[in-house]
> 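This is the structure I want to talk about, given as structure tokens.
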Protein chains: 2
Amino acid sequence: MKDGPDIARIASLIGDPGRANMLAALMSGKALTAGELAREAGVRVQTASGHLTRLEEGGLIARERQGRHHYFRLADTDVAGVLEALMGLAAAKGQLRTRTGPRDPELRRARVCYNHLAGEVGVMLYDSLRARGVLTGEGDDIVLSDAGRAEMAALSIDLSATSRSPECKSCLDWSARRSHLAGRLGRGILDFTFAQGWAMRPEGTRIVRFTAIGEGAFRKAFQV
Amino acid sequence: MKDGPDIARIASLIGDPGRANMLAALMSGKALTAGELAREAGVRVQTASGHLTRLEEGGLIARERQGRHHYFRLADTDVAGVLEALMGLAAAKGQLRTRTGPRDPELRRARVCYNHLAGEVGVMLYDSLRARGVLTGEGDDIVLSDAGRAEMAALSIDLSATSRSPECKSCLDWSARRSHLAGRLGRGILDFTFAQGWAMRPEGTRIVRFTAIGEGAFRKAFQV
DNA sequence: AGAACAGTTCGGCCCCGACCGAACCATTCT
DNA sequence: AGAATGGTTCGGTCGGGGCCGAACTGTTCT
């Protein structure tokens with residue numbers, strides 16, 4: 001068949017346990033060396049080297065040579081997003097082997113997923129918005145209520161359609177196994193949070209680090 | 001030894017070209033049979049059957065047995081979300097393959113399913129009968145209401161038990177992925193439609209071709 | 001009843017790719 | 001310079017799993 005779909009190629013790259021472990025280790029956003037990744041995957045360094053070459057050719061990771069070290073990181077946020085979605089799905093299917101989620105407590109707390117807020121803070125925000133009636137609807141089909149739309153407008157949160165993504169969407173959280181908010185609203189809120197200076201994102205990571213004042217302001221603004 | 005959800009297991013399920021093709025075909029939201037999926041994947045039906053059981057065990061798809069057909073659909077929206085994310089990532093590098101829609105538009109419109117009416121017209125009929133209270137009941141367990149029974153009797157629709165099939169039964173539609181009406185009532189209505197000369201069936205096909213007048217009469221009789 | 005048809009199971013073939021030992025680059029340290 | 005260290009490449013082994021022919025189950029049609 002001429003349609004050897006790229007989706008299978010990508011998925012099969014992730015589908016090997018060794019490579020999956022390496023990718024999971026890279027989810028922290030840090031760049032790791034081949035040796036470190038070999039240890040993560042539980043294989044010899046030669047094997048890991050082969051895996052890393054394939055992942056690089058597949059466009060899932062990027063390599064940076066620095067002296068005798070080779071640093072690897074996830075290629076872009078799309079890759080991180082796919083991994084996040086896969087982890088959420090795997091966790092939801094009860095295929096969990098041990099406690100889920102990233103080790104780094106900061107990542108568990110708040111992180112970027114695609115372009116919106118994930119982690120404990122993201123889940124709390126989502127729960128609060130639903131409880132207060134800002135968001136309504138069943139299951140995946142959530143909508144912004146009129147009252148909620150007014151509230152977001154009062155905060156000058158941008159909901160303009162930069163893409164054809166839906167306004168509201170629930171996204172399964174990897175570490176918490178609960179839903180959090182995606183879509184244009186999710187993006188708008190995260191952009192707003194950064195714009196207000198309530199939080200920042202350390203270079204090269206997916207961590208969302210709130211300032212002490214910022215977290216309070218965030219909680220107050222969204223009544224979390 | 002490694003922590004985190006078993007992402008590799010899920011990904012490797014998607015990572016086979018045959019299975020990926022099947023999943024992509026199911027992205028339309030329609031429920032497809034094993035034979036159709038085998039054609040989509042470009043493999044023999046035995047191979048497809050093996051893939052489908054593995055996908056089912058992995059929780060990616062759900063199976064619904066209906067007579068001698070097995071209908072498969074994506075298990076839930078989370079699975080669809082993961083596939084979409086993967087397709088997005090693949091599209092960033094490879095070429096996106098577009099699915100060709102269902103073939104013959106006449107078949108899509110109205111056709112014979114066993115001995116009753118299927119296709120868009122069949123689905124509309126079913127929806128209308130339910131909305132009007134002619135049919136009541138939850139899920140597969142549908143019954144003809146007293147008012148409905150009187151209405152069918154007024155049209156002289158034959159509900160006599162020519163076989164041991166139930167009076168009413170919902171049947172999953174091939175092209176529309178929605179339910180339509182089967183059972184003795186479904187058969188009676190189709191027989192009635194032919195008997196009235198509202199529609200005919202071209203030799204050797206499963207198409208139900210309404211005449212212009214016949215379609216109007218049909219719609220009026222059943223208030224579609 | 002038998003034929004036709006949709007799916008599954010079984011058995012065997014065969015290839016891909018994961019794995020590791022060993023040898024081979026490349027960089028840094030002394 | 002040689003030694004130590006981080007990575008890659010090569011060659012060979014081996015197991016998992018994808019594939020199909022054939023046989024079997026179950027349902028529908030005539």
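In what follows, every chain begins at residue 1, and chains take the letters A, B, ... in the order their sequences are listed.
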> Contact class for Arg54(A) (heavy atom, under 4.0 Å): base, sugar-phosphate, or nothing?
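Sugar-phosphate contact only - Arg54(A) comes under 4.0 Å of backbone atoms but never of a base.
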> Salt bridge or not for Glu57(A) and Arg9(A), using N-O below 4.0 Å?
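No, this pair does not count.
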> From the list dG7(D), dG26(D), dG7(C), which nucleotide is the closest neighbour of the side chain of Arg68(B)?
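Among dG7(D), dG26(D), dG7(C), the one nearest the side chain of Arg68(B) is dG26(D).
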> Ignoring backbone atoms, test whether His51(A) places a side-chain nitrogen or oxygen under 4.0 Å from the OP1 or OP2 oxygen of dC19(C).
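Affirmative; the distance criterion is met.
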> So which protein N/O to nucleotides 21-25 of chain C N/O distances come out below 3.5 Å?
from: dG21(C); atom 1: N7; to: Gln46(A); atom 2: NE2; distance (Å): 2.5

> Which residue pairs pass the side chain to side chain donor-acceptor pair (under 3.5 Å) test with at least one member in residues 188-199 of chain B, sequence neighbours excluded?
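Matches after skipping sequence neighbours: none remain.
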> Among dC20(C), dG7(C), dG18(D), which nucleotide has an atom closest to any side-chain atom of Thr47(A)?
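It is dC20(C).
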> Starting from P on dT9(C), measure out to CG on Leu52(B) and report it in whole angstrom.
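Those two atoms, CG and P, are 11 Å apart.
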> For the side chain of Arg19(A), starting at C-beta, report the closest nucleotide among dC20(C), dT9(D), dA18(C).
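When the side chain of Arg19(A) is considered, dA18(C) is the closest of dC20(C), dT9(D), dA18(C).
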> Between atom CD in Glu56(B) and atom C1' in dT8(C), what is the gap in whole Å?
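It works out to 12 Å between those atoms.
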> What's the CG-P distance between Asp16(A) and dG15(D), to the nearest Å?
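Rounded to the whole Å, the gap is 17 Å.
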> Report the residues that fulfil side chain to side chain contact (heavy atoms under 4.5 Å, CB included) with His116(A), sequence neighbours left out, ordered by chain and then residue number.
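Here the qualifying residues are Cys113(A), Tyr114(A), Cys171(A), His180(A), Ala182(A).
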> Would you mind telling me which of dG7(C), dG7(D), dC20(D) lies closest to the side-chain atoms of Val43(B)?
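Output: dC20(D).
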> Calculate the interatomic distance between Met22(B) atom CE and dC19(D) atom C1'; express it in whole Å.
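One finds 12 Å between C1' of dC19(D) and CE of Met22(B), rounded.
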> Could you tell me how far apart Glu57(B) (CD) and dG17(D) (P) are, to the nearest whole angstrom?
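Nearest whole value for this atom pair: 12 Å.
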> Applying salt bridge (charged side-chain N to carboxylate O under 4.0 Å, His left out) as the test, list every pair that has at least one member in residues 144-155 of chain B; sequence neighbours left out.
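Qualifying pairs, neighbours excluded: Arg132(B)-Glu151(B), Arg149(B)-Glu167(B).
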> Can you tell me the distance, in whole Å, between the NE2 atom of His69(A) and the C1' atom of dA4(D)?
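Going from NE2 in His69(A) over to C1' in dA4(D) covers 12 Å.
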> Which nucleotide in the list dT8(D), dC19(D), dA18(C) gets nearest to the side chain of Val45(A)?
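Ranking dT8(D), dC19(D), dA18(C) by closest atom to the Val45(A) side chain puts dT8(D) first.
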> For a quick check of understanding: with a heavy-atom distance under 4.0 Å over all strands, which category does Arg63(A) fall into, base, sugar-phosphate or nothing?
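Result for Arg63(A) = sugar-phosphate.
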> To the nearest angstrom, how far is Leu37(A) atom CG from dC19(C) atom C1'?
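To the nearest whole Å, that distance equals 17 Å.
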> The criterion is side chain to side chain contact (heavy atoms under 4.5 Å, CB included); which residues satisfy it with Arg63(B), sequence neighbours excluded?
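Here the qualifying residues are Thr53(B), Glu56(B), Arg65(B), His70(B), Phe72(B).
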> Between Ser49(A) and dT9(D), is there a contact of a side-chain N or O with OP1 or OP2 at under 4.0 Å?
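No, no such contact exists.
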> Quick one: do the Ser49(A) and Gln46(A) side chains pair a donor with an acceptor below 3.5 Å?
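Absent: no donor and acceptor within the cut-off.
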> Nearest whole angstrom, please: distance from the C1' of dG7(C) to the OH of Tyr71(B).
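Roughly 13 Å, once rounded to whole Å.
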> Check whether any side-chain N or O of His70(A) sits under 4.0 Å from OP1 or OP2 of dG6(D), and answer yes or no.
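Indeed not, no polar side-chain atom of His70(A) lies that close.
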> Please tell me if Thr33(A) has a side-chain N or O lying less than 4.0 Å from either OP1 or OP2 of dG7(D).
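Indeed, a polar side-chain atom of Thr33(A) lies that close.
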> Could you pull out all residues at least two apart from Phe222(B) that satisfy ring-ring contact (aromatic ring centres under 6.0 Å, His included)?
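Listed in chain order: Phe218(B).
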> What I'd like to find out is whether the side chain of Ile189(B) reaches to under 4.5 Å of the side chain of Leu181(B), using heavy atoms alone.
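The answer is yes; the side chains approach within 4.5 Å.
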